[in-house]
Amino acid sequence: QVQLVESGGGLVQAGGSLRLSCAASGLTGSTYAMGWFRQAPGKEREAAAAISRGGTSTYYADSVKGRFTISRDNAKTTVYLQMNSMKPEDTAVYYCVVGSSLTRVVTYGLDYWGKGTLVAVSS
């Protein structure tokens with residue numbers, strides 16, 4: 001079975017940093033685009049960041065541009081989200097996601113979801 005294991009979530013003060021990791025196993029076939037969705041209480045789920053299969057193209061929500069950086073290790077099927085200058089508005093459950101392309105990922109064309117990891121930013 002396919003398994004996405006997220007780690008790195010936790011509590012951080014505003015202005016601080018966290019680094020999320022997601023390790024995927026059980027994937028077959030072509031390489032996959034990967035990314036991070038997030039959902040805050042009372043808010044709709046949104047794509048925070050995503051990276052293409054080759055790692056050369058990225059997507060960032062306007063709310064995180066300049067603060068978050070997504071990267072991947074294709075050989076290990078691992079994706080990272082470096083979150084700097086964090087704001088209370090970043091508080092959410094973050095989900096690692098996998099899809100067939102960057103475009104598909106950011107438009108909810110997803111094949112797999114992780115179980116999520118909670119990120120809480122205090123003011």
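Between Asp62 and Lys65, at least one side-chain N (NZ, or NE/NH1/NH2) sits under 4.0 Å from a carboxylate O, which counts as a salt bridge. Ion pairing between Lys115 and Glu6 fails under the 4.0 Å rule for side-chain N and carboxylate O.
In terms of hydrophobic clustering, with Ile, Leu, Val, Met, Phe, Trp and Tyr side chains grouped at heavy-atom distances under 4.5 Å, Val105 and Tyr60 are assigned to different clusters. Transitive grouping of hydrophobic side chains (ILVMFWY, heavy atoms separated by less than 4.5 Å) keeps Tyr108 and Val106 in distinct clusters. The hydrophobic clustering, which links ILVMFWY residues whose side-chain heavy atoms are closer than 4.5 Å, places Val64 and Val97 apart. Each of Val5 and Leu118 belongs to its own hydrophobic cluster when Ile, Leu, Val, Met, Phe, Trp and Tyr are linked at side-chain heavy-atom distances under 4.5 angstrom. Under the 4.5 Å side-chain heavy-atom criterion for ILVMFWY residues, no single connected hydrophobic cluster contains both Leu110 and Tyr59.
Annotation: the span from Arg53 atom CZ to Ser100 atom OG amounts to 6.5 Å, rounded to 0.5 Å.
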Assess the residue pair Phe37 and Trp113 against the criterion (ring pair (Phe, Tyr, Trp, His ring centres under 6.0 Å)); give the C-alpha distance rounded to whole Å, side-chain angles, the decisive distance to 0.1 Å, and a yes or no.
CA-CA 9 Å; Phe37 274 64; Trp113 294 75; 5.4 Å; yes
Does Gln39 form a side chain to side chain contact (heavy atoms under 4.5 Å, CB included) with Glu44? I'd like the steps, not just the answer.
CA-CA 6 Å; Gln39 186 168 29; Glu44 65 182 13; 5.6 Å; no
For Met86 and Ser17, run side chain to side chain contact (heavy atoms under 4.5 Å, CB included): C-alpha distance rounded to whole Å, both residues' side-chain angles, the deciding distance at 0.1 Å, then the answer.
CA-CA 6 Å; Met86 297 191 72; Ser17 298; 5.6 Å; no
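No donor-acceptor contact under 3.5 angstrom links the side chains of Asp73 and Thr78, judged on distance only. Side chain to side chain, Thr91 and Arg38 fail the donor-acceptor criterion of an N or O pair below 3.5 Å.
Across all non-hydrogen atoms, the minimal contact from Pro88 to Ala14 is CD-CB, 4.1 Å. Residues Leu81 and Ala49 come closest through the heavy atom pair CD1-CB, 3.9 Å. Between Ala24 and Met34 the shortest heavy-atom distance is CB-CE, 4.2 Å. Contact detail for Thr107 and Thr103: the closest heavy-atom pair is OG1-O, 2.7 Å. Between Leu4 and Gly114, the shortest heavy-atom contact is CD1-N, 3.6 Å.
Put simply, the side chain of Val119 reaches to within 4.5 Å of the side chain of Met83, judged on heavy atoms. Using a 4.5 Å cut-off on side-chain heavy atoms (C-beta onward), Tyr95 and Thr117 make no contact. Counting only heavy atoms from C-beta outward, the side chains of Tyr112 and Leu27 approach each other to under 4.5 Å. No side-chain heavy atom of Ile51 sits less than 4.5 Å from a side-chain heavy atom of Leu102. Contact of the Asn84 side chain with the Gln82 side chain is registered, since non-hydrogen atoms from C-beta on lie closer than 4.5 Å. Side-chain contact between Cys96 and Trp36 is present, with heavy atoms from C-beta onward closer than 4.5 Å. The closest side-chain heavy-atom distance from Val79 to Ser71 is not below 4.5 Å. When side chains are defined from C-beta on, Tyr80 does not count as touching Thr69, because their heavy atoms never get closer than 4.5 Å.
Judged by distance alone, with hydrogens and angles left aside, the side-chain atoms of Ser52 form no donor-acceptor pair with the main-chain N or O of Ala33 at under 3.5 Å.
Counting heavy-atom neighbours within 6.0 Å of Arg67 CZ, excluding the residue itself, gives a total above 12.
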